[in-house]
Participant: 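Handing you a structure now.
A quick note: this is a predicted structure, and the numbers were derived from the prediction, not measured.
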Amino acid sequence: MNNTKNSRNVCVSQLDSVTVRFAGDSGDGIQLVGSQFANATAIAGNELSTLPDYPAEIRAPAGSLAGVSGFQISFGDESVLTPGNKPDVLLAMNPAALAVNLKNMDKGSVIITNSDAYTAVGLEKAGYKSNPLEDGSLANYRVIGVPVNTLAAGVLKDSTLTPAQVLKCKNFYLLGILYWMYGLPLEATQTWIKTKFGKKSPELAAANAKVLEAGFDYAETTEIFDARFQLKKSPVTKGKYRNLTGNEAAAYALITAAKLLKKKLFYGSYPITPATEILQTLSKHRANDVVVFQAEDEIAAICSSIGAAFAGELAATGTSGPGLSLKSEALGLAVIAELPLVVVNVQRGGPSTGLPTKTEQSDLLQAVYGRHGESPLVVLAATSPADCFDTTLEAARIAVKYMTPVVVLTNAYLSNGSEPFRIPKLSELPKFQTSPLPKVEDYKCFMRDPETLARPWTYPGLAGYEYRAGGLEKQNVEGNISYDALNHEVMTNLRADKIARVVKEIPATKINGPDEGELLVVGWGSTYGAITTAITEARKTGLKVSSVHIKHIFPMPADLGTIMRRFRKVLVPEENSGQFRMLLRSTYMLEPLGLNKVQGQPLNSDEVLCKIQEILRGN
């Protein structure tokens, strides 16, 4: 922890973890300072989990309730698996940010707010009839009002920046205060400011850095800040780490897969929230055998990627729910052509445009069944921002080994959230395997590997390996166009059997807790942190409960049915109306209980714990 520069008495407390929420207008730089705070905690050696939460409007009216942007982070020791349920500290830039977030705070929580923003106009926009900082309505909270506008202007009084530019620096002032409270280093953010603004506007860079340090010094010298907090660090495996969002992790996994295959990566995509960051991240690596194509629409994006797979390169596309709907016919083309393709679907609230910046798990059935005809493919689901790397890499490995499209399900919570990611060594990465090409004289384009049923991955330019690709049914083995009824059934069954054989790639299911008992909580995808935290808390109170978490959605693990039948009750928490529960019921003839949330927000551990207690205690 940074040492204070004066001798005043400051209480220093040690905490296992803490949850902080930044909130303000979309133009207040909330996501920016939230990301910088997350990076600082990572550098300090803390485990962390973040939840960016911003409105769909590009710029809602300043000071309005609809325009409030949020960034929540929980950080501390290894117990941190989620962004937290309720913030212990709220940093509110204006009255609207306070009004939107106050209902999610427990009594006794800390509120740090920009008191200069509580003008008559600002209060009216937020729906306040009186100033909550003065009328006693916040008496049950620890409220610290800081005149940030005034203080930032004072720090930059000799600057040549315009008043509007000076006001833009206020977010760094409050960030400096939080760095002091939690003993976080300023250096990483100062370096980032210099890199971000130094060349374009050296004076703006200097102003932001100055205001950041001024906020730190203000907290250190003023009497209203009388407590600092030391967060326990997380024991980590030795290695090189980087703080990554889920979208960045997915992008780097695709690059890694292409390198392991010794092929180029082609990524065809159409910008769509919240998947666009994958496209943006990959576009920065075009010098590394990465080809990025921003298509005119979703259909062109996936068709271009299918063309790249036909040409023998690792191909991928990314989208969100509405885009996956548009891609469904072309996905069927990839299935019948038996070409490897990775589709990263970053789920959001639906249907239609729905809640474009909010999270959900409601595309599961679309991913598994959302194509016409008998059109099976592999579906995987990532469990955390860092796991988006492992899951996407696994998707690419399966795609090329079995010559099939693979859908990777993430969502807005994982894609925008971040956590420390240990960069793996080359020896730790999986081995990629493709079926060896037969001799030219033996080659038939739909001959199959006896183990995987994958056809050979040939491509234009290989003399003697030419074949006709397309969406019409092909003759078994020979690959000529065929309308024969029995042949169609044979090919349909072969494609289904090929996907069924992917189950051999799935490791034994890990059970968190006893192998049998009263209650098993079965989760998938992004609910991992909330479920695991809830299970830990439930056991502390003597409840006997276990959990499993499923990454392989289709096909599912071979041992899952046996495991579920060893428990009297099964609970499935998910952020939809019960899609995975329906899949389990139809597959295993069981009647799982459901915990469903469709609010554009992730399930939290308190909600899962409450349901566990209700089932086991009957209250």
Participant: With a 3.5 Å distance limit and no angle check, can you tell me whether E298 reaches the backbone of L326 through a side-chain donor-acceptor pair?
Facilitator: no

Participant: Heavy atoms only: give me the nearest Y179-A40 pair and the separation to one decimal.
Facilitator: OH-CB, 3.7 Å

Participant: Just by distance, do the side chain of S320 and the backbone of V346 share a donor-acceptor pair under 3.5 Å?
Facilitator: yes

Participant: Is the backbone N or O of E248 less than 3.5 Å from a side-chain atom of T281, with the two atoms forming a donor-acceptor pair by type?
Facilitator: no

Participant: Relative to the ring of F421, is the ring of F389 parallel (under 30°), tilted (30 to 60°) or perpendicular (over 60°)?
Facilitator: tilted

Participant: Evaluate the ring planes of F580 and W524, with Trp represented by its six-membered ring, and classify them as parallel (under 30°), tilted (30 to 60°) or perpendicular (over 60°).
Facilitator: tilted

Participant: At their closest point, which heavy atom of P356 faces which heavy atom of P274, and how far apart are they?
Facilitator: O-CD, 4.0 Å

Participant: Verify, without hydrogens or angle tests, whether T41 (side chain) and A38 (backbone) share a donor-acceptor contact under 3.5 angstrom.
Facilitator: yes

Participant: Which of parallel (below 30°), tilted (30 to 60°) and perpendicular (above 60°) describes F37 and F22?
Facilitator: perpendicular

Participant: I would like to know whether D53 and K358 meet salt bridge (charged side-chain N to carboxylate O under 4.0 Å, His left out); could you show each step before the answer?
Facilitator: CA-CA 7 Å; D53 184 16; K358 308 301 181 182; 2.5 Å; yes

Participant: Using the ring of each side chain (for Trp, its six-membered ring), is H549 parallel, tilted or perpendicular to Y528, with breaks at 30° and 60°?
Facilitator: perpendicular

Participant: Give a yes or no on whether the backbone of L409 and the side-chain of N345 come within a donor-acceptor separation of less than 3.5 Å.
Facilitator: no

Participant: Mind checking the NZ-CZ spacing from K431 to R397? Nearest 0.5 Å is all I need.
Facilitator: 12.0 Å

Participant: Can you give me the closest heavy-atom contact between L279 and Q294, atom names plus distance?
Facilitator: CD2-OE1, 4.1 Å

Participant: Determine whether D390 and K551 satisfy the following criterion, salt bridge (charged side-chain N to carboxylate O under 4.0 Å, His left out), listing intermediate values before the conclusion.
Facilitator: CA-CA 11 Å; D390 294 328; K551 175 181 290 191; 5.5 Å; no

Participant: Is there a donor-acceptor contact under 3.5 Å from the side chain of Q361 to the main chain of E575?
Facilitator: yes

